[in-house]
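Below is one structure; the comments refer to it alone.
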Amino acid sequence: MSKIIAAAAIRGAHEIVSEARKKWQQAMDKHGSGAEVGFPETAYYLPIIYGLSGLPVRKLADMEKVFAICERLLPEPVYQKVHLPYLGPVLDAGMATLFAEEMAEAITYLEHPDFYSPEEEAPEGKLWLGAASDIILRKRGIEFVDGTAPGFAAIVGAAPEEKIAARIAQELQEKNLYVFMCAGHQGTTFAEQLKAAGMQLGWPVRLVPFGPDISQAVFALGFAVRAAMSFGGIQPGEYRKILIYNKDRIFAFVIALGEVTDRWYANAAGAINFGFPTIADSDIPQILPTGVCTYEHVVSGVPHDQIVARAVEVRGLKVTVSKIPIPVPYGPAFEGERIRKEDLFVEAGGTKTLACEWTSSLPLNQVEDGRIEVIGPDLDSLPEGSQIPLATLVQVAGREMQEDFEPILERHIHDYLNYINGVMHIGQRDIVWLRISKKAREKGLLLKHLGVVLHAKYHEVFANILDKVQVKIYTEEAAVKQLVQQARAVWTKRDERLAGMTDEEVDTFYSCTLCQSFAPTHVCIVTPERTGLCGAFSWLDCRGSNRINPKGPNQPVKKGAVLNQKLGQFEGCNNFVRQASRGAIEKVSIYSLMVDPMTTCGCCECVAVVLPMCNGIMTVHRDYKGETPCGMKFTTLAGTIGGGRQTPGFLGHSKFNITQSKYLAAEGGIRRLVWMPKALKEEIMDRLKKRAAEIGLPDLPEKIADETVGVTEEAILPFLQEKKHPALEMEPIM
Ligand code: SF4
Ligand code: ZN
């Protein structure tokens with residue numbers, strides 16, 4: 001350990017702690033010790049403090065204890081004549097730094113609640129996002145767990161020029177890493193540089209501007225601490241486990257651009273606790289012997305064109321970048337890219353033109369592998385701003401290919417095209433909407449390249465079932481029309497196949513344990529009449545995916561003896577769930593919310609909750625941000641019952657499931673539904689009406705209250721009474 005670094009880090013830590021203390025004392029004088037503090041929409045309080053010390057900071061007064069810890073951790077300043085200090089005291093100084101900064105940030109939230117934008121992307125005129133809500137944590141954290149994002153780069157400071165910043169950011173995006181930004185250098189910040197270079201910022205494109213100061217480094221490390229608690233099942237206070245989880249599971253590192261100040265050193269020391277090394281562009285003393293981090297701790301003097309490669313190497317990250325021969329960058333980091341009207345080169349679908357995409361299988365001799373055809377004009381012969389009809393037909397063949405796999409393959413078109421930098425893709429089938437940016441066109445992107453991507457990804461992901469893939473892209477109105485008609489007939493048949501199936505007619509359900517990577521006791525049992533609670537897996541999908549990957553997360557579950565038909569308890573399901581949850585869950589009802597309901601993981605589309613006073617059940621979907629009659633918002637609900645718990649009275653489910661006939665069957669089905677957000681009701685209205693008519697209550701949809709009627713049980717009850725909602729007449733739900 002270099003004496004210079006140790007001295008600087010410890011000096012920085014002293015400065016940061018004493019300033020935070022001052023800020024706290026002023027806040028106490030101004031707001032009183034009882035003033036509530038915290039980061040927005042989170043159940044983890046100030047997460048670094050909560051995770052590592054177990055202390056929930058709720059009020060200003062709670063900070064006193066934490067400052068006492070900081071002072072215990074802070075080592076004596078290092079003087080030149082003293083011999084080399086050990087790494088330990090420097091790490092402690094780093095921890096004290098993070099605690100103090102987290103408290104200082106909480107006070108910023110108290111005093112300037114509008115400084116940060118709580119959304120995934122800042123609105124016009126704003127830039128800084130601050131602490132991520134638990135919704136963002138769940139949505140994005142999953143990517144760290146399932147490998148779509150290997151980790152994050154925390155960028156501190158600013159590059160010497162915009163162009164260099166943009167290049168570094170894009171290199172990190174191409175490696176699928178998240179880029180967390182804080183602090184500045186020479187009057188500017190990395191985030192401002194990216195913005196000036198015309199780049200989109202925000203969680204959807206993995207470029208996250210936390211804030212302009214070094215203290216916002218705590219938002220990056222706080223995210224890592226929450227990931228360990230939320231996905232690793234680690235309890236608050238188990239600091240050793242949290243640090244080890246991060247060292248082993250979250251591949252993160254700090255890139256310091258610009259002069260490394262004492263405060264930066266103090267934060268770097270904080271990051272080393274997590275096993276996150278610092279790579280700097282400036283010449284500072286290095287800390288090379290390995291210890292806490294997997295490799296070196298601080299590496300300095302790295303040129304900008306090598307800094308990403310060096311960081312990845314130092315952190316020991318193995319990135320598999322699938323190199324697809326197209327003229328623009330490619331990878332999941334570009335999935336959330338938005339293409340605005342002004343940036344638009346061409347657009348298809350989205351109610352403006354006819355468009356569709358369809359994957360279909362053919363006999364082996366009818367597919368020529370690698371053949372990509374564009375039938376009609378390609379981008380090089382279209383004027384800027386065109387709206388074109390577009391049909392993408394992927395034809396596949398393989399000895400192991402089955403018709404059942406077609407929908408699974410087809411659904412992936414969305415991801416694979418969205419990964420192209422400069423392509424925005426929404427929807428599926430004949431409701432697709434595709435936009436291609438001017439920038440992508442300038443770099444040479446053609447429609448042909450969409451085919452190149454689909455060919456490459458299908459082979460990469462589905463190697464065990466596919467031998468040949470060819471792609472035809474139509475841009476002529478008549479041909480598109482014809483293809484849409486052909487495809488619609490196939491889709492109708494596919495849908496009818498599932499819609500016509502009942503749980504009774506099959507003897508096998510399927511499991512899905514994909515979410516166990518972050519909710520270790522969670523098991524979805526997927527039946528013909530109950531799709532998985534994320535909405536992504538129907539029974540047919542699970543069966544298909546099991547055939548594609550027999551050892552994968554979708555296993556057949558023999559129903560076995562019927563233990564209780566009404567609740568949907570089956571001996572085979574119970575045995576499966578008990579074993580797959582490693583004994584955590586004993587019994588599960590497939591059709592009930594009140595008795596042994598299914599577990600809920602973090603990614604459910606909706607949560608249903610019993611409303612005792614109304615003798616009914618409400619449900620709320622993820623996008624609804626407001627209050628609900630059960631007294632909890634969606635975030636709180638998902639935070640409380642998610643994570644693989646079984647909570648009677650609460651149930652995660654998919655949107656589609658609401659209109660499936662076994663939904664809440666044990667409680668009386670949709671007759672019990674007394675409240676749901678207006679937007680959700682509208683979204684599923686066609687199917688809801690149909691289902692209501694099937695059970696002989698065609699006017700049920702109008703009797704279901706929404707937020708315009710009220711967001712408390714007291715407020716909606718008179719409405720239900722006036723409308724004579726059937727739930728009021730049903731047997732007591734509790
Ligand atoms: Fe699978 Fe259920 Fe997770 Fe969806 S929610 S991915 S069905 S385990
Ligand atoms: Zn899930």
Side-chain angles (χ1 to χ4, degrees), residues 134-135 137-149 230-233 332 404 407-408 411-412 414-415 428 461 498 503 506 508-557 568 573 576-582 584-585 588-591 593 596-608 619-623 634 637-647 650-658 660 662-663:
D134 285 355
I135 296 191
L137 169 76
R138 275 207 188 79
K139 187 157 146 205
R140 303 293 165 183
I142 289 167
E143 299 174 349
F144 288 86
V145 185
D146 72 13
T148 34
S230 165
F231 304 127
D404 273 356
I408 300 173
R411 196 133 24 98
H412 278 91
H414 169 75
D415 302 326
Q428 49 162 336
V461 179
L498 182 66
D503 287 4
V506 300
T508 305
F509 296 154
Y510 283 90
S511 67
C512 186
T513 48
L514 214 56
C515 289
Q516 287 202 341
S517 51
F518 54 90
T521 55
H522 176 69
V523 187
C524 272
I525 299 285
V526 180
T527 80
E529 294 175 278
R530 190 185 203 285
T531 23
L533 50 80
C534 57
F537 287 87
S538 73
W539 184 86
L540 284 174
D541 296 329
C542 289
R543 187 177 68 171
S545 118
N546 175 257
R547 287 180 183 162
I548 294 173
N549 179 9
K551 291 207 163 66
N554 303 110
Q555 292 298 316
V557 180
C573 297
F576 186 94
V577 167
R578 195 175 308 127
Q579 178 236 331
S581 69
R582 288 163 211 87
I585 309 295
V588 63
S589 309
I590 315 289
Y591 309 141
L593 156 140
D596 308 325
M598 238 161 64
T599 52
T600 295
C601 60
C603 54
C604 51
E605 286 186 304
C606 309
V607 179
T619 189
V620 55
H621 66 305
R622 185 175 293 274
D623 295 333
F634 181 89
L637 284 168
T640 326
I641 67 160
R645 271 176 290 254
Q646 186 173 45
T647 323
F650 299 81
L651 182 69
H653 61 81
S654 69
K655 292 177 182 171
F656 184 75
N657 186 226
I658 301 174
Q660 288 183 293
K662 289 292 195 297
Y663 177 65

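Throughout, numbering of the chain's residues begins at 1 and tracks the sequence. Every value quoted in this text rests on a predicted model; they were computed, and no experiment measured them. Numbering of ligands and ligand atoms starts at 1, following listing order.
Metal site remark for atom 2 (Fe) of ligand 1: Cys601 contributes no N, O or S atom at a distance under 2.8 Å. At a cut-off of 2.8 Å, Cys524 is not counted among the residues with an N, O or S atom near atom 1 (Fe) of ligand 1.
The closest donor-acceptor contact from the side chain of Thr619 to the backbone of Val607 lies under 3.5 Å. Within the 3.5 Å criterion, the main-chain N or O of Ala149 finds no donor-acceptor partner in the side chain of Glu143.
Contact of the Lys139 side chain with the Arg622 side chain is not registered, since no non-hydrogen atoms from C-beta on lie closer than 4.5 Å.
The nearest pair of heavy atoms linking Asn657 to His653 is OD1-CB, 3.7 Å.
Between His522 and the choices Thr599, Thr513, Leu514, the side chain to side chain contact (heavy atoms under 4.5 Å, CB included) rule is met once, by Thr599.
For ligand 1 and Cys512, the ligand atoms under 4.0 Å from any heavy atom of the residue are 1 (Fe), 6 (S), 7 (S), 8 (S). Close approach of ligand 1 to His522 is summarised as follows: ligand atoms under 4.0 Å from at least one heavy atom of the residue are 2 (Fe), 8 (S). If you number the atoms of ligand 1 from 1 as listed, the ones under 4.0 Å from a heavy atom of Gly532 come out as 7 (S).
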